[in-house]
Every structure is written in C-alpha cells, then in structure tokens.
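Below: one structure, written as structure tokens.
Note on naming: letters A, B, ... go to the chains in the order of the sequence lines (proteins, then strands), and numbering restarts at 1 for each one.
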2 protein chains.
Amino acid sequence: MDAKARARYEARAAIIKAMGHPTRLFIVEELARGERCVWELTEMVGADVSTISKHLSVLKNVGIVQDEKRGNQVFYSLLVPCVLNFFSCVESVLQSRAKEHAKLTK
Amino acid sequence: MDAKARARYEARAAIIKAMGHPTRLFIVEELARGERCVWELTEMVGADVSTISKHLSVLKNVGIVQDEKRGNQVFYSLLVPCVLNFFSCVESVLQSRAKEHAKLTK
DNA sequence: TGGCTCCTTGGCCTAATGGCCAAACGAATA
DNA sequence: TATTCGTTTGGCCATTAGGCCAAGGAGCCA
C-alpha cells in the first residue's frame, strides 16, 4: 500500500468510523425520519447536550448530516441516506453470527 | 433509549466500528477477491505481522471474516460479503462532500 | 528431538475517543 | 441593554485503540 492508497482508505475509514458509535447510529436512524434539533435528540438519548452536539459535529464533519440554523435552534438532517443500508448488512452479520453460535452449541 | 435498545445499538456499532479502520478496510476488500493467509496480507499492507493478526481478530470477533488453519498457515476469508456495499455508499458521501465543497468555493 | 516457519498473545507506549461540567456565544425576547 | 434559551467549545479525566517488539505456541520437516 503506497501513501496514495493509504490516504484513500483513510478517507473511507473516517466515514465508516463516524457511524461506529451506538449514539451516532441512533441519531442517524432518527434523522432518517426527519430533521431534529439538538435538544430533541438529547432528550431521546438521555446524555448531556454537549455530548450530543459533539456526536453531531462528528457526523457533520464527514458529511453524513447537515445542519441548518433557524431562529434559536439548529436542525440536523440526513444528507446521505444510503448510510441506512449499513443497517441491513449489520443485521446479516448478526444473523450469521447467531447461526454460527447455534452450530457450535448443537 | 433504554438499556435494551442501547445494547442493540452497541452490537451494531461494534460491527461497523470493526470496518472503520483503513487497514481493515483494505483487508476486507482484498478478501473479497478470495482467501488470503496472514503473511500475504502482511506483505501487502506493510505492517508488523502482529498488527495484521490483531486486525484480523477484530474482524473475526464481530463475525465479518472466518479463519481456517491448513497445515502451517491460517487462511482468512470473507464471511459476510454484503459489507462490500459499504464502499459504494462511502463513495456517495465523498462525492456529495466534493459537490458541497465546489459549491462553497464557487 | 530440534529447528524452522507461521501465527497469536502479552507488554508497553502513545494517541485518540467519549463523557461530563463549565464557560462562551448567538439569537430572540423582555 | 439585560436575560434567557439553545447550542457549541474548551478543559479535564478515564478508557480504548493501534502500533511495534518480544515471547509463546502449533505444525511441518530434517
């Protein structure tokens, strides 16, 4: 792997890494239903506002979500909905793991 | 989010997180072409064998790859090929980001 | 058995991550 | 202008992650 290839993989990994956190996964799934402001998400998750704000900025920095300030509040929305496809594949992994487990304990 | 929901998101996030590393991304893509043994991957990546071995065990632990010992060597192969779908979505994110960037610098 | 090769594990260090609190900041409102 | 509300940022701390090196198996083959 040369430096160029490595850089390409790093750019990709950064995006996937942004999805690799339970809270951010929840946020993405919630934003798929429609835009939400920070405190709405904060309430749903049950963490500190600052924590949620940081999670949102991670997602924003890699380009998965976008924000829009309206009056007092900031509304976040999903910019690239195809990340939702991750979920179905993740379920396949979990299922295949369950099957494997069943085989071992048979 | 209650404890049950949180656990579900954590299980999902663990799988995605396993994909969120440049070297592991490379490994997965390489395994998509066919099984590889550890030193083959080590050579391609250009890191320490122990490093590659650890990356492989991360992928194995979440159930993305499987290993098979044959004689002296251990062959790894892709267990759940749908993770390759991640790549196309990641490219969309990168493209949408590039477009966004072009708009801003116009 | 002894030595070789291939791989994994443990140890250690450094860097990055995630959480909360407190402080700052911008917009609306009094 | 002062205050309040919604959000972001900085600081701090604890935990995790990722890298290499060294040591420890597990198979082969002499």
Exercise. I would like to know whether B:E30 and B:R36 meet side chain to side chain contact (heavy atoms under 4.5 Å, CB included); could you show each step before the answer?
Key: CA-CA 8 Å; B:E30 188 56 33; B:R36 299 280 184 271; 2.9 Å; yes
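A distance of 7.5 Å separates CG in A:N85 from OG in B:S88, rounded to the nearest 0.5 Å.
Taking atom CD1 of A:I52 as the reference point, atom C1' of D:dT7 lies 12 Å away to the nearest angstrom. Rounded to whole Å, atom C1' of C:dC6 lies 13 Å from atom CD of B:E43. Taking atom CE of B:M19 as the reference point, atom P of D:dG18 lies 14 Å away to the nearest angstrom. Atom NZ of A:K54 and atom C1' of C:dA22 are 11 Å apart (whole Å). Taking atom CG on B:L41 and atom C1' on C:dT8, their separation rounds to 15 Å, with Å as the unit. Rounded to whole Å, the distance from CD on A:Q73 to P on D:dT4 is 19 Å. Taking atom CG of residue B:D48 and atom P of nucleotide C:dG10, one finds them 16 Å apart after rounding to whole Å. Atom CD in B:E10 sits about 12 Å away from atom P in C:dG18, given to the nearest Å.
A close approach under 4.0 Å does occur between a side-chain nitrogen or oxygen of A:Y76 and OP1 or OP2 of D:dT8. An OP1 or OP2 oxygen of D:dT7 is reached within less than 4.0 angstrom by no side-chain nitrogen or oxygen of A:S53. At C:dG19, one or more side-chain N or O atoms of A:H55 fall inside 4.0 Å of OP1 or OP2 (strictly under the cut-off).
For B:K17 against C:dG18, no side-chain N or O and base N or O form a donor-acceptor pair under 3.5 Å. Within 3.5 Å, no donor on the side chain of B:K69 pairs with an acceptor on the base of D:dG25, nor the reverse.
Here the nucleotide nearest the side chain of B:N72, chosen from D:dG27, C:dA27, D:dG10, is D:dG27. Taking only side-chain atoms of A:T51, from C-beta outward, the nucleotide of C:dC6, C:dG19, D:dT7 with the closest atom is C:dG19. Side-chain atoms of B:S50 lie closest to D:dA22 of the nucleotides D:dA22, C:dG11, C:dG19.
B:F75 comes within 4.0 angstrom of no nucleic acid atom, judged by non-hydrogen atoms across all strands. As judged by a 4.0 angstrom heavy-atom cut-off over every strand, A:R70 is placed among residues making no nucleic acid contact.
Between B:R70 and B:E35 a salt bridge is recorded (basic side-chain N to carboxylate O distance below 4.0 Å). A salt bridge links B:R12 and A:E29; the closest N-O separation between the charged side-chain nitrogens and carboxylate oxygens is under 4.0 Å.
In this model, no donor atom of one side chain and acceptor atom of the other lie less than 3.5 Å apart for B:E68 and B:Y76.
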